[in-house]
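Source: prediction; values computed, not measured.
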Amino acid sequence: MTKLNSITKYIVAIGLIAMMVLTMTVTPSYAIDKIDEGEDASLTVIFSGEKKAPGMKFSAYKVGEFDENNQFHILSKYAGYGVGEIPQDQDGYKAMASTLKGYIQKDGLEADYTATTNEDGVAAFGTVEKGLYLIFSNTVIYNETIYKTVPVMVSVPNLDANEKWVYDVEIASKYSSEPVPPKEEKLDINAIKIWAGDVENERPASIIIELLCDGEVIETATLSKYNNWRVSWKDLDATKEYEVTESVVPGGYEVKIEREGNTFTVTNTFPPSNPDKDVKDSYAEPEPGDKIPPTPGNITPTPSNQTKTPPPSSKTTTKLPQTGQLWWPVPIMLGAGIVLFLAGVIRRRRSI
């Protein structure tokens, strides 16, 4: 009788485990749905500043696409810049947007979609392909005020607060605004080089940094240990828009360019997250007598006007999907548990 009760307990335990497997694999209550390929998607940017700044041209570049698991992968035309794979956090998206903007402007790449703000500050791109987009605009002077938007990444479709896909995506642009400065007012732009994840005596002896003004390269500088890997360009037109790029990303490294006020930080990281990519390796060994920019001293970020984020509309969703949760290992792990459990039962029975 005791032996029969033991067998009954084993059967009940196995049945409970089987029910757990079916519950977690058949009806996961918080799994993100697949994207509906047959559903049209649209994209709209809303400039909700105190003044609507009509005539601001926004450009949208499709830089990534979804795979079958709703994961992003960077398109090959942008991977060649050495920016690595699509990041998985908001700070990473922000850094990639800032980095790609400079290279896109330097190479004059054509936008996939463009839209211009109307009198209400709305720029409607209309129907767009699904994917991950980099969006930025030109600088606009309107009513004696300079408006500059911050480049952003946005997923189309996007996820709402309930983890449901929204196919008509609206975003509120982040921007800064300041009065038009007097003609005599000038601006200094600083660039600092940072190395990460490498060995000092194995890194390039120098790199070349480019200064862009309204998308055109106007200055270059060779950075090395002789100028403490930094440079400052002085007396620039304060009404223009400036970006910084690295001329050639050293082989095996990835590049990230971030801006704080008027200071750009160019970071090369090794090893990259995608070691199979092909990045050109081209740099020169400077000599102490070479003409290189003088060390500008201790550069500290120049504070800019506070970036304003207007409140999004009720239809707006700016949440980038985090769809890396995988459920396929669950049944395998539970199945392995069942096997081990049965093996224990058989061993106990044999030892009786």
### Summary
Besides I141, the hydrophobic cluster formed by Ile, Leu, Val, Met, Phe, Trp and Tyr side chains linked at under 4.5 Å, directly or via other members, contains I146, V180
### Message
Testing the 3.5 Å rule here: is there a donor-acceptor pair between the side chains of T145 and N143?
### Response
no
### Task
Say whether, by atom type as modelled, one donor and one acceptor occur between the side chain of N69 and the main chain of Q71 under 3.5 angstrom.
no
### Test ring pair (Phe, Tyr, Trp, His ring centres under 6.0 Å) applied to Y175 and F47, step by step
CA-CA 8 Å; Y175 69 96; F47 185 84; 4.8 Å; yes
### Task
Taking the six-membered ring for Trp and the full ring for Phe, Tyr or His, determine whether the centres of F58 and F125 are under 6.0 Å apart.
no
### Distance under 6.0 Å and angle within 45° of ring axis: K225 vs W229
no
### From CA spacing to verdict: side chain to side chain contact (heavy atoms under 4.5 Å, CB included), L211, I189
CA-CA 9 Å; L211 176 66; I189 295 292; 4.0 Å; yes
### Message
Is the shortest side-chain heavy-atom distance between L159 and V166 below 4.5 Å?
### Response
no
### Query
Per the side chain to side chain contact (heavy atoms under 4.5 Å, CB included) rule, which among L134, I171, V45 passes with V152?
I171
### Task
For D198 and R203, indicate whether the former's side chain and the latter's backbone hold a donor-acceptor pair under 3.5 Å.
no
### Ionic contact status for K62 with D112, cut-off 4.0 Å
no
### Query
For T127 and D40, what are the C-alpha separation, side-chain angles and deciding distance, and is it a side chain to side chain donor-acceptor pair (under 3.5 Å)?
CA-CA 7 Å; T127 302; D40 287 338; 5.3 Å; no
### Query
Under a 4.5 Å side-chain heavy-atom rule over Ile, Leu, Val, Met, Phe, Trp and Tyr, are Y93 and V255 clustered together?
yes
### Message
For a 4.5 angstrom cut-off between non-hydrogen side-chain atoms, does I46 reach E170?
### Response
yes
### Query
Rounded to the nearest 0.5 Å, what separation is found between the CG atom of D91 and the NZ atom of K256?
8.5 Å
### Query
Ring centroid separation for Y253 and W195, is it under 6.0 angstrom?
yes
### Message
Given 3.5 Å as the limit, does a donor-acceptor pair link the side chain of N118 with the main chain of D120, or not?
### Response
yes
### Query
Is any side-chain heavy atom of S137 less than 4.5 Å from a side-chain heavy atom of K57?
no
### Derivation of the ring pair (Phe, Tyr, Trp, His ring centres under 6.0 Å) call for Y103 and Y78
CA-CA 9 Å; Y103 287 109; Y78 300 104; over 10 Å; no
### Query
Can you check whether M153's main-chain N or O pairs, donor with acceptor, with K94's side chain at less than 3.5 Å?
no
### Query
Yes or no on side chain to side chain donor-acceptor pair (under 3.5 Å) for D188 and S232, after CA distance, side-chain angles and deciding distance?
CA-CA 7 Å; D188 293 347; S232 181; 5.0 Å; no
#### Entry: Intermediate values then yes/no, side chain to side chain donor-acceptor pair (under 3.5 Å), E241 and T139
CA-CA 7 Å; E241 181 180 4; T139 297; 3.1 Å; yes
### Task
Mind running ring pair (Phe, Tyr, Trp, His ring centres under 6.0 Å) on F72 and F66 for me, showing each step along the way?
CA-CA 5 Å; F72 285 128; F66 293 99; 4.5 Å; yes
### Query
Can E243 and K106 be counted as an ion pair, charged N to O under 4.0 angstrom?
no
### Query
Does NZ in K186 sit with more than 12 non-hydrogen atoms of other residues, nucleotides or ligands closer than 6.0 Å?
yes
### Query
For the side chain of T117 and the backbone of M56, is there at least one donor-acceptor N/O pair under 3.5 Å apart?
yes
### Query
Hey, is CD on E200 packed in by over 12 heavy atoms from elsewhere, all under 6.0 Å?
no
### Message
Applying side chain to side chain contact (heavy atoms under 4.5 Å, CB included) to V249 and E254, what does each step give before you reach the verdict?
### Response
CA-CA 7 Å; V249 179; E254 288 179 358; over 6 Å; no
### Message
For a side chain to side chain contact (heavy atoms under 4.5 Å, CB included) check, start with the C-alpha distance between N268 and E246, then their side-chain angles and the critical distance, and finish with the verdict.
### Response
CA-CA 10 Å; N268 280 146; E246 187 172 24; 2.7 Å; yes
### Query
Can you get from V231 to I218 by hopping between Ile, Leu, Val, Met, Phe, Trp and Tyr side chains that sit under 4.5 Å apart?
yes
### Summary
Separation between CD1 (I194) and CD (E258), nearest 0.5 Å, reads 8.5 Å
### Query
Is the backbone of D237 close enough, under 3.5 Å, to the side chain of Y242 for a donor and an acceptor to pair up by distance?
yes
### Query
Is there a donor-acceptor contact under 3.5 Å linking the side chains of D36 and Y167?
no
### Message
Could you go through E210 and T245, starting from their C-alpha distance and side-chain angles, then the distance that decides it, and tell me whether this counts as side chain to side chain donor-acceptor pair (under 3.5 Å)?
### Response
CA-CA 5 Å; E210 301 163 321; T245 58; 2.7 Å; yes
### Message
Is it the case that the side chain of N70 and the backbone of D33 share a donor-acceptor pair, with hydrogens and angles ignored and the cut-off at 3.5 Å?
### Response
yes
#### Entry: Sidechain-backbone polar pair: T99 side chain, I257 backbone, donor-acceptor under 3.5 Å
yes
### Query
Can you get from W233 to I208 by hopping between Ile, Leu, Val, Met, Phe, Trp and Tyr side chains that sit under 4.5 Å apart?
no
### Query
Transitively linked via ILVMFWY side-chain contacts under 4.5 Å: F136 with L109?
yes
### Query
Can you check whether T222's main-chain N or O pairs, donor with acceptor, with N227's side chain at less than 3.5 Å?
yes
### Message
Once rounded to the nearest 0.5 Å, what's the spacing between atom OG of S98 and atom CZ of R259?
### Response
8.5 Å
### Query
Do Y61 and L212 share a hydrophobic cluster (ILVMFWY, side-chain heavy atoms under 4.5 Å, transitive)?
no
### Query
Do side-chain atoms of Y133 reach the backbone of V128 as a donor and acceptor pair under 3.5 angstrom?
no
